[in-house]
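Since the structure comes first, as structure tokens, the remarks are kept for the end.
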Amino acid sequence: MSTKHTRSDSKFITVWRPDNSGYAWPLPWAGKYSLDEVMADPGYYNSRRSTIAVPAEVLDAVAVKPEAGWIDGDVGPVVLNNADNWALILSNQIATQRAAQAAQGGE
């Protein structure tokens, strides 16, 4: 997801589109990147300054239908830009999870 393109006044959290190209709010338009891709370049996918990589199921769990008229064709679901969702996202960053596991002798 894009921290750079999710402004504090944005209604929804912005996600990357497929092929590292473009941005969107609806999750069906989001790109899904493998763990191998993220871990091969964690500074790109999880810079924390402009990007955060989280498992898709984390966003799916808090996704909601957008209000009519906010998105072309009312496509959803989307993730609301609020403190609870940010806390969940930040606690589920992929690269951070892997670093913690490695430090504890895990994967």
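Between Trp29 and Arg17 the shortest heavy-atom distance is CE3-NH2, 3.3 Å. Between Leu35 and Ile94, the closest heavy-atom pair is CD1-CG2, 3.3 Å. When every heavy atom of Ala30 is checked against every heavy atom of Val15, the shortest pair comes out as CB-CG2, 3.5 Å. Of all non-hydrogen atoms in Gln93 and Ile52, the two that sit nearest each other are CG-CG2, 3.4 Å. When all heavy atoms of Ile71 and Pro66 are compared, the pair lying nearest together is CD1-CB, 4.0 Å. Scanning both residues, Pro42 and Ala40, for their nearest heavy atoms gives CD-C, 3.7 Å.
In the hydrophobic clustering of this structure, Trp70 groups with Val78; members are Ile, Leu, Val, Met, Phe, Trp, Tyr whose side-chain heavy atoms approach within less than 4.5 Å, directly or through other members. Using a 4.5 Å cut-off between side-chain heavy atoms of Ile, Leu, Val, Met, Phe, Trp and Tyr, with links allowed through other members, Phe12 and Leu27 fall into different hydrophobic clusters. A continuous path of hydrophobic side-chain contacts links Met39 to Tyr45 [ILVMFWY only; heavy atoms under 4.5 Å]. Linking ILVMFWY residues whenever their side-chain heavy atoms come closer than 4.5 Å, directly or via other members, places Trp25 and Val75 in the same cluster.
Atom OG1 of Thr51 and atom CG of Asn20 lie 10.0 Å apart (nearest 0.5 Å).
Ring pair Tyr44/Trp16 is tilted by interplanar angle, where 30° to 60° counts as tilted.
Of the possible polar contacts, one joining the Thr6 side chain to the Thr14 backbone as a donor-acceptor pair under 3.5 Å is found.
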Listing, residues 81-90 side-chain donor-acceptor contacts under 3.5 Å, not counting sequence neighbours, or none:
| unit_1 | atom_1 | unit_2 | atom_2 | d |
| --- | --- | --- | --- | --- |
| Asn81 | OD1 | Trp86 | NE1 | 2.5 |
| Asn81 | ND2 | Arg7 | O | 3.0 |
| Asn81 | ND2 | Ser10 | O | 2.9 |
| Asn82 | OD1 | Asp84 | N | 3.3 |
| Asn82 | OD1 | Asn85 | N | 2.8 |
| Asn85 | ND2 | Leu80 | O | 2.8 |

